[in-house]
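Remarks on the structure that follows.
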Amino acid sequence: MNSPVSFDVVDNIGVITIDNPPVNALSHAVRAGIQSGIREAAAIDVDAVLIICAGRTFCAGADITEFGKPPKSPWLPELVDEIEASDKLVVAALHGTALGGGFEVALASHYRCAVADAAVGLPEVKLGLLPGAGGTQRTPRLGGVATAVQLMTSGTPMPAPQALEAGLIDHIVDGDLKAGALQYTKKLLADGAPIRRTSELPVEAGAAELVAGMRAEVAKRARGQHAPLRILECIEQAVTVPFAEGYRRERELFTESMQDPQSAALRHVFFAERNASKIKDLPKDTPQRDIGTVAIIGAGTMGGGIAMSAANAGYSVQLLDIDKDAVDRGLSVVDRNYAGMVKRGKLSEDAAKACREKIRGTTAYADIAAADLVIEAVFENLDLKKKVFAQLDETMKQGAILATNTSYQDVDAIAAATGRPQDVIGLHFFSPAHIMKLLEIVRTDKTADDVLATSMAFARKIRKVPVLSRVCYGFIGNRMLRVYMREAQLCLLEGGTPESVDTAMEDWGMAMGPLSVGDLAGLDVGYKARESLPPEERGDPKVTRVADLLVEAGRLGQKTGAGFYRYDPDTRKRIPDPEVVTIIEQVANEYGIARRDIDAAEVVDRLLFGLANEGLKIVGEGIAQRPGDVDIVYIYGYGFPAYRGGPLHYADSVGLDHVLASIREFGKRFGAELWTPAPLLEELVANKQSLADWQEHNNGI
Ligand code: 3H9
């Protein structure tokens, strides 16, 4: 088999070239190839060694697909030690993103150069890991404690010019990397630059105190995650004990992290996110339609946020509403949002201005007729949406993609209002649309393949995480949310308070408790959605009775200063409100429910197993393509902690048999009609199969 690593000699410099597409991951063959290059250079008459990569990037890290398999020598720590120990000067030449183990190879080299648009990073924390090939020990020696903590606990890559300033790299190459790196190596040789082994460099003065001072901040940002604190411990070792000792501790903690369920969850999320954008029945080379201009119908909060997302990615955007006032109101919200982004340092003033200038308002359908993609974001009412689509059918040029941002409505019925259902698709954004990463892409049976492929590509271009759904009420996310919110509200009636239910979920890891989310979104939104449903589809009225009474009392949530909580007008902090508990008690009374103590564990199990059961129904019915897609929806759209892997990975990790037994038990206690087990769950338990196993064997990528 051909090695992905080649060795040749240029001007008496041994050049090790790694060519392992797509991202030059450090698979076993790559590690063995680099090792053999280093050994060959040691054995022949060369003055120095250059490590460089072909393709789009320097090594993006250890090969994650090898994790969990027995390690094969040379493993990465052995390799980096051998690189550092080389008696020939070793230079690493970086382009693209030198990440994780890739950057550790560079850190173990004696000098590092990079093109200006390269970036370096140690993103292991995002996989629940820590740099395990000396990164935690070498980074503080080169870049200091503050840089090391920032780089490793955030996982965010650092652009090359900043890395140069921090001391993590030594030289920026202009023009061709290989030519520039060879020139730089020759200059080092000519200047008599010493072999500089990072492990032998001293740490900065006062480093131990610096680490100690950062502990509280790191713990706060970690929010339940183990890896950031393990990383801090390694950095502390780096600056307090000899290199070899710190390196040993790094190894122990790396192994511990690898076995931590949090890392298994985050690795699952990494691959699930990448799989989610793949459509099983769509060939990779499906043609795409050109998208240059985007029109949005409806200048409300959602329409404005979608317009910003498209403009930020460089599209020309037209924002249409029925009258000038509505358009102006929408544009002024967009202005406010951009100003906020500039103020928070998210965007420069010039960039914000350039994006804002891409958005124009209009009240005339004729103005948008030539748009390539139109996204309807009007009020959530099927008749209204059908009218808009009939109008779009009359107005839009042939070949335009007609998308609806509906959260619940039947996309088939919307498509049927046009004479071109093959061009219709759902693009369901999440509020605030310019910030939230999730985009549900809803296909109907008639949606054309090129419309699907174009929508997926568009989603990635506007930097969203797309997940494909088929049509059902609420699609993937909101259909599951109904069950989650049902249980939250039933727990209230049976004995909980907004504070006790929310805190149970937040302590478990959710970004925000369900009732606080309701207050943030506005309780009137659900109220109106319920009103628009035929009574038989509204579900048991007792579930939403408290929310209905709150809305009818003018408590719409944060926007009116009160909902399930009261809100401090200055800080927006939630304050438990005894009046709400009184309403809850009244409703419980009305329905003859005896209130009792409900502990946090019961709340967590009911809400999460409810969520997982519905998610498994959705997968079983083919609404979602795969279990991982459901997880991605919840992580990117609903504040589910990534380190728990999503509702279905979580169910898998606690054991599907346990989940099924709990659901049956809940059925006995709270009503079998609410707790019908998903057929897929029953099937998997009967077959003693985990979801991960099922996906691998029966469902593929
Ligand atoms: C580590 O290094 C541990 C060490 O410290 C210690 C060891 C002892 N391995 O994201 P993309 C695949 S931990 C295997 O769509 P982009 C990816 O699955 C690692 N495969 O492209 C996808 O496959 P497919 C630390 C990998 O341009 C394809 O490459 N490093 C790896 O949007 C393209 O990926 C990281 O955590 C990998 N390491 O983004 C970096 N990386 O086409 C993780 C990618 O079949 N990677 N693949 O779906 C990334 O952040 C992004 O992939 C990157 C490119 C920025 C590099």
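Just the heavy atoms: all of them, side chains too, but no hydrogens, waters or symmetry mates, feed the values below. Every value quoted in this text rests on a predicted model; they were computed, and no experiment measured them. Counting starts at 1 for both ligands and their atoms, in listed order.
At the top of the distance list for atom 56 (C) of ligand 1, counting protein heavy atoms only, stands Ala60 CB, 3.4 Å. Scanning the protein heavy atoms around atom 14 (C) of ligand 1, the nearest turns out to be Asp63 OD1, 3.3 Å. Closest to atom 47 (N) of ligand 1, if we only count protein heavy atoms, is Val23 CG2, 3.8 Å. For atom 28 (C) of ligand 1, the closest non-hydrogen atom on the protein side is Pro22 CG, 3.6 Å. Annotation: atom 51 (C) of ligand 1 to nearest protein heavy atom, Arg274 NH2, 3.9 Å. Closest to atom 50 (O) of ligand 1 among all protein heavy atoms lies Leu99 CD1, 4.0 Å.
Cation-pi contact between Arg274 and Phe270: present, with separation from the ring centre below 6.0 Å and deviation from the ring axis of at most 45°. For the pair Lys461 and Tyr315, the cation-pi test (distance below 6.0 Å, angle within 45°) is passed.
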Derivation of the side chain to side chain donor-acceptor pair (under 3.5 Å) call for His268 and Asp631: CA-CA 9 Å; His268 159 78; Asp631 289 335; 2.8 Å; yes
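Within the 4.5 Å cutoff, the side chain of Tyr247 has heavy atoms near those of the Pro77 side chain. In this structure, Leu427 and Ser455 have side chains that are in contact, with non-hydrogen atoms separated by less than 4.5 Å. At least one side-chain heavy atom of Phe458 sits less than 4.5 Å from a side-chain heavy atom of Val294. Here the side chains of Val5 and Ile16 are in contact, with some heavy-atom distance below 4.5 Å. Annotation: side chain of Val211 is not in contact with side chain of Val149 (no heavy-atom distance under 4.5 Å). Side-chain contact between Ile51 and Val91: absent, with no pair of heavy atoms (C-beta onward) separated by less than 4.5 Å.
When each atom of ligand 1 is checked for a heavy atom of Glu124 under 4.0 Å away, the hits are 1 (C), 2 (O), 3 (C), 4 (C), 5 (O), 13 (S). Atoms of ligand 1 lying under 4.0 Å from at least one heavy atom of Glu104, given by number and element, are 4 (C), 5 (O), 6 (C). Within ligand 1, counting atoms from 1 as listed, the ones closer than 4.0 Å to a heavy atom of Phe270 are 18 (O), 41 (N), 43 (C), 44 (C), 46 (N). Taking every non-hydrogen atom of Gly132 and a distance limit under 4.0 Å, the qualifying atoms of ligand 1 come out as 4 (C), 5 (O), 6 (C). Interface atoms of ligand 1 facing Gly100, defined by a heavy-atom separation under 4.0 Å, are 2 (O), 25 (C). Taking every heavy atom of Phe271 and a limit of under 4.0 angstrom, the matching atoms of ligand 1 come to 18 (O). Contact atoms of ligand 1 toward Ala25: 9 (N) (distance under 4.0 Å to a heavy atom of the residue). Atoms of ligand 1 lying under 4.0 Å from at least one heavy atom of Pro131, given by number and element, are 5 (O).
Looking at Arg251, Lys278, Arg56, Arg460 and measuring to atom 16 (P) of ligand 1, the nearest heavy atom belongs to Arg56. The heavy atom nearest to atom 36 (O) of ligand 1, considering only Leu127, Asn24, Val125, Thr57, is found in Leu127.
Any N or O atom pair closer than 3.5 Å counts here, and Thr97 shares no such pair with ligand 1. Ligand 1 has an N or O atom lying under 3.5 Å from an N or O atom of Gly101, backbone or side chain. Considering both main-chain and side-chain atoms, Ile64 comes within under 3.5 Å of ligand 1 through a nitrogen or oxygen pair. For ligand 1, the polar-atom distance check finds no N/O of Pro123 at less than 3.5 Å from any of the ligand's N/O atoms. Close N/O approach between Ala62 and ligand 1 is found [any backbone or side-chain N/O within under 3.5 Å]. Looking at ligand 1, you won't find any N or O of Phe254 less than 3.5 Å from one of its N or O atoms.
The pair Glu84-Arg138 meets the salt-bridge criterion, with a side-chain N (NZ, NE, NH1 or NH2) lying under 4.0 Å from an Asp/Glu carboxylate O. Using a 4.0 Å cut-off between a side-chain N of Lys or Arg and a carboxylate O of Asp or Glu, Arg197 and Asp87 qualify as a salt bridge.
Put simply, atom 23 (O) of ligand 1 has no protein non-hydrogen atoms near it, under 4.0 Å away. Put simply, atom 32 (O) of ligand 1 has no protein non-hydrogen atoms near it, under 4.0 Å away. Atom 53 (C) of ligand 1 is never approached by the protein to below 4.0 angstrom, counting heavy atoms only.
Aromatic pair Tyr638/Phe430: ring centres closer than 6.0 Å.
Between His171 and Tyr184, the ring planes are parallel. Angles under 30° get that label, and only those over 60° would be called perpendicular.
Applying the salt bridge (Lys or Arg N to Asp or Glu O under 4.0 Å) definition to pairs two or more places apart or across chains, those involving residues 226-240 are Arg215-Glu236, Arg230-Glu256, Arg230-Asp260, Glu233-Arg249.
Counting heavy atoms closer than 4.0 Å to ligand 1, residue Leu122 contributes nothing at all.
When all heavy atoms are compared, the tightest approach of Ile169 to Ala160 is CD1-O, 3.5 Å.
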